[in-house]
Engineer: 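Below you will find the structure I want to go over with you.
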Amino acid sequence: MTSATSRTYQTHQAYESYQTSQRELFQFLEDRFACAQACTECARECALRASLVEPGGAEQQELLRRKGIMCAEVCDATCRVLSEDNRLDEAGIRAQLEWCRTVCLECAHVFDRHPGAERSAAACRACTEACTEFMATLA
């Protein structure tokens with residue numbers, strides 16, 4: 001290989017590496033945004049569902065209300081973590097996502113037992129999936 005050909009080849013490799021890292025960055029940001037969006041939607045659905053239940057109702061109704069409120073709060077906090085430049089390290093973000101996944105899945109199971117809460121259960125499952133997918137992009 002001549003010197004000029006070698007430099008051209010090295011430049012081409014560097015450019016391909018740059019393009020790959022750019023695509024990975026875009027994918028990371030898209031997954032992060034999708035997760036934050038799913039958290040927002042889940043928080044909205046859970047807060048709405050919890051507001052439809054009267055405090056102090058039957059035991060199952062009270063469980064639904066408490067799980068809905070907790071899920072809304074955890075999803076809201078997770079969305080803030082993902083949306084703001086809060087200087088949390090990867091381990092902190094991973095812990096927040098894992099907490100959100102766990103709470104959303106528990107909440108979905110509670111919603112499954114109540115007629116009319118299907119949409120809220122689906123939002124919880126979508127959030128769980130989005131958190132899982134985003135966690136896969138973390139190193």
Side-chain angles (χ1 to χ4, degrees):
M1 229 186 264
T2 66
S3 171
T5 304
S6 177
R7 279 193 304 265
T8 301
Y9 179 72
Q10 289 172 346
T11 301
H12 180 69
Q13 281 185 318
Y15 181 70
E16 283 182 351
S17 176
Y18 171 76
Q19 283 183 319
T20 299
S21 66
Q22 286 294 98
R23 279 192 298 273
E24 289 171 351
L25 175 62
F26 291 147
Q27 186 63 51
F28 173 82
L29 293 173
E30 285 176 0
D31 289 348
R32 186 174 181 145
F33 178 74
C35 186
Q37 229 177 357
C39 287
T40 299
E41 182 60 29
C42 186
R44 185 178 302 121
E45 280 295 323
C46 289
L48 176 63
R49 178 61 43 199
S51 73
L52 296 175
V53 177
E54 291 192 35
E59 187 177 327
Q60 286 300 312
Q61 290 291 314
E62 186 60 24
L63 176 64
L64 184 139
R65 190 176 76 74
R66 280 189 325 225
K67 287 289 185 179
I69 290 169
M70 182 176 178
C71 193
E73 289 175 351
V74 170
C75 286
D76 185 53
T78 304
C79 183
R80 279 194 315 258
V81 164
L82 296 174
S83 301
E84 298 171 358
D85 184 20
N86 59 7
R87 311 275 190 247
L88 252 185
D89 62 355
E90 182 181 317
I93 292 172
R94 189 176 292 279
Q96 182 70 38
L97 291 168
E98 187 60 46
W99 185 35
C100 188
R101 277 184 353 162
T102 301
V103 170
C104 285
L105 195 53
E106 288 174 3
C107 195
H109 291 310
V110 170
F111 287 159
D112 285 339
R113 295 189 295 258
H114 295 282
E118 295 84 6
R119 183 176 167 165
S120 299
C124 289
R125 285 194 173 78
C127 188
T128 300
E129 186 176 319
C131 288
T132 300
E133 289 173 4
F134 181 59
M135 281 178 57
T137 67
L138 299 175

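Side-chain atoms are counted along with the backbone in the values below, which use heavy atoms only and exclude waters and symmetry mates.
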Engineer: Output the distance between atom OG (S120) and atom CD (E41), rounded to the nearest 0.5 Å.
Structural biologist: 9.0 Å
Engineer: May I ask you to decide if G116's main-chain N or O and R49's side chain share a donor-acceptor pair within less than 3.5 Å?
Structural biologist: yes
Engineer: Let me confirm one number: the CZ-CD distance from R65 to Q61, rounded to the nearest 0.5 Å.
Structural biologist: 10.5 Å
Engineer: If you look at every heavy atom in L97 and C131, which pair is closest and at what distance?
Structural biologist: CD2-SG, 3.9 Å
Engineer: When you look at R66 and I69, which way does the side-chain contact (heavy atoms from CB on, under 4.5 Å) test go after all the steps?
Structural biologist: CA-CA 5 Å; R66 280 189 325 225; I69 290 169; 5.9 Å; no
Engineer: Does atom CD of E129 have more than 12 heavy-atom neighbours, drawn from other residues, nucleotides or ligands, at distances under 6.0 Å?
Structural biologist: no
Engineer: From E45 CD over to C124 SG, what is the distance, rounded to the nearest 0.5 angstrom?
Structural biologist: 8.5 Å
Engineer: Measuring from L52:CG to H114:NE2, what's the distance to the nearest 0.5 Å?
Structural biologist: 12.5 Å
Engineer: Please find the pair of heavy atoms, one from A126 and one from A38, that lie closest to each other, and give the distance.
Structural biologist: O-CB, 4.2 Å
Engineer: Using 0.5 Å steps for rounding, measure from the CZ atom of R101 to the OG1 atom of T132.
Structural biologist: 4.0 Å
Engineer: Might you point out which heavy atoms bring C71 and V103 nearest each other, and give the distance in Å?
Structural biologist: CA-CG1, 3.6 Å
Engineer: Given the rule that I, L, V, M, F, W and Y join up when any side-chain heavy atoms are under 4.5 Å apart, are V74 and V81 in one cluster?
Structural biologist: no
Engineer: Group every Ile, Leu, Val, Met, Phe, Trp and Tyr by side-chain heavy-atom contacts under 4.5 Å, then state whether F33 and I93 land in the same group.
Structural biologist: no
Engineer: Taking salt bridge (charged side-chain N to carboxylate O under 4.0 Å, His left out) as the cut-off, I'd like each qualifying pair that reaches into residues 107-118, sequence neighbours left out, listed once.
Structural biologist: D112-R125
Engineer: State the CD-CD distance between Q27 and E133, to the nearest 0.5 angstrom.
Structural biologist: 9.5 Å
Engineer: What residues, two or more places apart in sequence or in another chain, satisfy ring-ring contact (aromatic ring centres under 6.0 Å, His included) together with F134?
Structural biologist: F28
Engineer: Which atom pair, heavy atoms only, marks the closest approach of T128 to L105?
Structural biologist: OG1-N, 3.6 Å
Engineer: Search all heavy atoms of C46 against all heavy atoms of C107 and return the closest pair with its distance.
Structural biologist: SG-SG, 4.0 Å
Engineer: If you look at every heavy atom in V110 and L64, which pair is closest and at what distance?
Structural biologist: CG1-CA, 3.7 Å
